[in-house]
Amino acid sequence: MTEKTRQMKILCIGAGYVGGPTMAVIASQCPDIKVTVVDINPERIARWNSERLPIYEPGLDEVVRSARGRNLFFSTDIEAGIRESDMIFVSVNTPTKMFGTGAGMAADLQYWEKTARQIRECSNTPKIIVEKSTLPVKTAQAMKRIFDAGNHKTRFTVLSNPEFLAEGTAVNDLKHPDRVLIGSDTSPAGIRARESLVDIYARWVDRDRILTTNIWSSELSKLVANAFLAQRISSVNAISALCEKTDADIAEVTRAVGMDSRLGSKFLNASVGFGGSCFKKDILNLVYLCRYYGLNEVADYWEGVIRINEYQKERFVVNMLGNMFHTLSGKRICLLGFAFKAHTGDTRESPGIYIAKRLMEERAKLVVTDPEALENARFELQGVEGDVCYTEDPYAATDGCDAVALMTEWPQYAALDFDRIFRSMAQPAFIFDGRNILDHAKLYTIGFNVFPIGKPALTHFHDEPSIGG
Ligand code: UDX
Ligand code: ADP
């Protein structure tokens, strides 16, 4: 431990899904470093200071409780935080820009730029600025220009340290990361700043897992890692459509493919589509960057990953419509799960949002259930025209329904009493398993008409389907 890190004060601007857990783990691993997390949203900060944290993340309560009030603090006083800190992590949101040049594609950097200006105005001592939010390549350079413009009071060194945590496993990912990536410039100040961040992570991460690169490689690696992960899911989902036409089974295909050690077996589950705040946004950033540099073929290639994801979601709705006699009007449909994946309450870009809107467009009556995401589900669907209600109890949610559409792979859903559910539903009863986690043969035996992803449907109708629509 160096003298420098022992006395260090860290500030994190942005108390969201990235900033909160990351700082909680740093504080728990480094009891001698004071870590303060600030946010412009006072309700969010109040929740971080309460017994009910603003995000659901397995294991996070314990980590926060172990450090909060000791060396982990949550506050709305951004300026005081900036003044006293040596190192400032910036993890404010960087949504996709919805106006002007790059609308629907480029990152909206207004929050980042405001933060950079605020840091500049409030700083009297040298600061290391760490980019934590996912940002387009060359943001660090833009930020450095803002910091340097008109500031004669002090010096800023910008590092890129993208976060690779996945929601639902964030605490474990932070405690045992596959790698930590730190990008810096090669000036003596850049190298010194990089070393002090390496020293912090090295308290609990093997040094050979801490990679140092130039700043652009670091920024780009984050976009590329997410693009590769999303591409894998779109590849599987594209093949799931082919499986449904050919009576092949996507689970058998991915098992055979994943046993090739060059490919590996993780991240090969067919689904109703990927969601989450990162994949779509990061690919759009990548596409924008490629178009900016005139690499249109490369941009088209990556855009295909998003196109397949949109197609997969629409295919799911069309499949429901076609199999439920071409009308959903007035039918009661339960969305079993609404979070974009299990073990989180986050609904950003959740496929459930698109499916819910489309089903309401078809005038279905929706019942949404989820163990952690109902508050966010209400927020996502507010103002959408249609009939929708919410309940936490899956049995109440499915009661009287014509169909169940499983959106999120919560393990408790696989353990539900489907005999009971079947008896409470309208007949014929349909199940559309958007995550392939249910026991399809058993559901069929109970009496359900079962529609998995990328596997043969199991139905009790033995005549030819009607052609309608
Ligand atoms: C992702 C990256 O994994 C993480 O490294 C990065 O820091 C942020 O973005 P996250 O969005 O939290 O993390 O979740 P992830 O587990 O990657 O899942 C993303 C989406 O893909 C979810 O909707 C998930 O259900 C879906 N998915 C994942 C599949 O459909 N099939 C799979 O096999 C895996
Ligand atoms: P992520 O998933 O990247 O962590 P979130 O939306 O969960 O994104 O969190 C980003 C946080 O940043 C939000 O709590 C938001 O209120 C906060 N934020 C945005 N702009 C500022 C700002 N200028 N100063 C402080 N906090 C900000």
Side-chain angles (χ1 to χ4, degrees), residues 11-23 37-45 47-48 54-55 57 74-79 81-82 88-95 108-119 132-135 162-170 173-174 177-179 181 221-223 225-237 240 250 254 258 265-283 309 312-313 337 339-344 346-352 376 407-410 434-437 453:
L11 177 73
C12 175
I13 304 183
Y17 285 90
V18 172
T22 309
M23 291 304 123
V37 189
V38 291
D39 202 289
I40 37 170
N41 181 340
E43 282 151 35
R44 232 180 199 198
I45 291 298
R47 290 274 297 268
W48 280 110
I55 62 175
E57 191 58 61
F74 295 93
S75 160
T76 50
D77 195 343
I78 302 175
E79 297 193 352
I82 293 172
I88 303 178
F89 288 78
V90 182
S91 59
V92 302
N93 30 344
T94 49
D108 186 344
L109 293 174
Q110 58 172 315
Y111 307 102
W112 229 104
E113 184 167 334
K114 272 188 200 121
T115 300
R117 287 176 191 277
Q118 192 174 21
I119 293 172
K132 226 3 165 180
S133 325
T134 308
L135 291 159
E163 186 45 64
F164 294 102
L165 68 81
E167 288 173 34
T169 52
D173 294 345
L174 286 161
D178 286 346
R179 78 306 209 181
L181 181 58
S221 301
K222 170 68 186 192
L223 297 187
N226 275 343
F228 275 37
L229 289 167
Q231 178 206 39
R232 208 166 149 92
I233 301 166
S234 277
S235 298
V236 171
N237 284 344
S240 77
I250 191 68
T254 51
S265 58
K266 290 183 185 163
F267 238 74
L268 282 176
N269 295 325
S271 66
V272 57
F274 62 72
S277 70
C278 285
F279 281 1
K280 186 174 173 189
K281 182 184 80 175
D282 288 355
I283 293 177
N309 200 48
Q312 187 76 348
K313 291 185 278 187
F340 81 96
K341 64 189 271 195
H343 309 295
T344 178
D346 194 355
T347 57
R348 288 177 294 177
E349 296 293 337
S350 177
N376 284 330
M407 294 286 104
T408 313
E409 71 282 19
W410 287 104
R435 298 287 183 168
N436 286 349
I437 60 159
I453 303 266

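Numbering of ligands and ligand atoms starts at 1, following listing order.
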(request) Measure the distance from atom 33 (O) of ligand 1 to every protein heavy atom, then report the residue, atom name and distance (to 0.1 Å) of the closest one. (result) Asn269 N, 2.8 Å

(request) May I ask you to list the atoms of ligand 1 that are less than 4.0 angstrom from any heavy atom of Ser271? (result) 29 (C), 30 (O)

(request) Would you check whether Lys114 has a nitrogen or oxygen atom less than 3.5 angstrom from a nitrogen or oxygen atom of ligand 2? (result) no

(request) Give the numbers and elements of all ligand 2 atoms closer than 4.0 Å to a heavy atom of Ile13. (result) 24 (N), 25 (C)

(request) Answer whether the closest heavy-atom distance between the side chains of Phe340 and Glu349 falls below 4.5 Å. (result) no

(message) Does this structure show an ion pair linking Arg47 with Glu43, if we count only N-O contacts that are shorter than 4.0 Å?
(response) no

(message) Any non-hydrogen side-chain atom of Pro162 less than 4.5 Å from a side-chain atom of Ser221?
(response) no

(request) Only heavy atoms count here, so choose which of Tyr17, Phe274, Phe267 is nearest to atom 17 (O) of ligand 1. (result) Phe267

(request) Report, in ascending order of atom number, the atoms of ligand 1 lying under 4.0 Å from any heavy atom of Cys278. (result) 8 (C), 9 (O)

(request) Answer with yes or no whether the side chains of Lys281 and Thr94 bring together a donor and an acceptor at under 3.5 Å. (result) yes

(message) Could you check whether any heavy atom of Arg348 sits closer than 4.0 Å to an atom of ligand 2, since that is the contact criterion I want to use?
(response) yes

(request) Could you check atom 5 (O) of ligand 1 against the protein and tell me its nearest heavy-atom contact, residue, atom and distance included? (result) Phe164 O, 2.7 Å

(message) Need the ligand 1 atom indices (1-based, order shown) with element for anything under 4.0 Å from a heavy-atom of Ala166.
(response) 3 (O), 12 (O), 13 (O)

(request) Find all atoms of ligand 2 within a distance of less than 4.0 Å from any non-hydrogen atom belonging to Gly16, and give their numbers and elements. (result) 4 (O), 5 (P), 7 (O), 9 (O)

(request) Would you give the length of the straight line joining atom OG1 of Thr22 to atom CG of Asp173, rounded to the nearest 0.5 angstrom? (result) 10.0 Å

(request) If you have a sec, work out which protein heavy atom is nearest atom 11 (O) of ligand 1 and how many Å separate them, to one decimal? (result) Phe340 CE1, 3.5 Å

(request) Determine, considering heavy atoms only, which of Ile233, Val18, Asp178 sits nearest to atom 28 (C) of ligand 1. (result) Ile233

(message) Would Leu11 and Ile82 count as a side chain to side chain contact (heavy atoms under 4.5 Å, CB included) here? Give the steps.
(response) CA-CA 7 Å; Leu11 177 73; Ile82 293 172; 3.8 Å; yes

(message) Any heavy-atom pair between the side chains of Asp346 and Tyr17 that's under 4.5 Å?
(response) yes

(message) I need the contact type for Lys266 against ligand 1. Using non-hydrogen atoms and a strict under-4.0 Å cut-off, is it side chain, backbone, both or neither?
(response) neither

(request) Could you check which of Glu349, Lys222, Glu167, Lys341 puts a non-hydrogen atom nearest to atom 16 (O) of ligand 1? (result) Lys341

(message) Using only atom types and a distance under 3.5 Å, with no angle test, would you say the side chain of Glu57 pairs donor to acceptor with the backbone of Thr344?
(response) no

(message) Under the side chain to side chain contact (heavy atoms under 4.5 Å, CB included) test against Val38, which residue among Ile45, Ile13, Asp77 passes?
(response) Ile13

(request) Look only at interatomic distance and state if Ser277 has a nitrogen or oxygen under 3.5 Å from any nitrogen or oxygen of ligand 1. (result) no

(request) Indicate yes or no: at least one non-hydrogen side-chain atom of Asn436 is less than 4.5 angstrom from one of Asn269. (result) no

(message) Out of all atoms in ligand 2, which are within 4.0 Å of some heavy atom of Arg44? Include the element for each.
(response) 5 (P), 7 (O), 9 (O), 13 (C), 14 (O)

(request) Please report which non-hydrogen protein atom sits nearest to atom 19 (C) of ligand 1, along with the residue it belongs to and the distance in Å to one decimal place. (result) Phe279 CE2, 3.5 Å

(request) Answer with side chain, backbone, both or neither: which part of Met407 has a heavy atom less than 4.0 angstrom from an atom of ligand 1? (result) neither

(message) With heavy-atom distances below 4.0 Å as the criterion, list the atoms of ligand 2 near Ile78.
(response) 24 (N), 25 (C)

(message) Evaluate Glu167 for polar contact with ligand 2, using N/O atom pairs at a separation under 3.5 Å.
(response) no

(message) Looking at ligand 1, would Arg435 count as a contact under a 4.0 Å heavy-atom criterion?
(response) yes

(message) Using a 4.0 Å cut-off to any heavy atom of Thr115, which atoms of ligand 2 qualify?
(response) 22 (C), 23 (N)

(request) Could you tell me how the ring of Phe279 sits relative to the ring of Phe274: parallel (under 30°), tilted (30 to 60°) or perpendicular (over 60°)? (result) perpendicular

(request) Could you list which atoms of ligand 1 come closer than 4.0 Å to a heavy atom of Gly275? (result) 19 (C), 20 (C), 22 (C), 23 (O)

(message) Checking the N or O distance criterion of under 3.5 Å, is ligand 2 in contact with Val38?
(response) no

(request) Please write down residue, atom name and distance for the protein heavy atom closest to atom 3 (O) of ligand 1. (result) Leu229 CD1, 3.7 Å

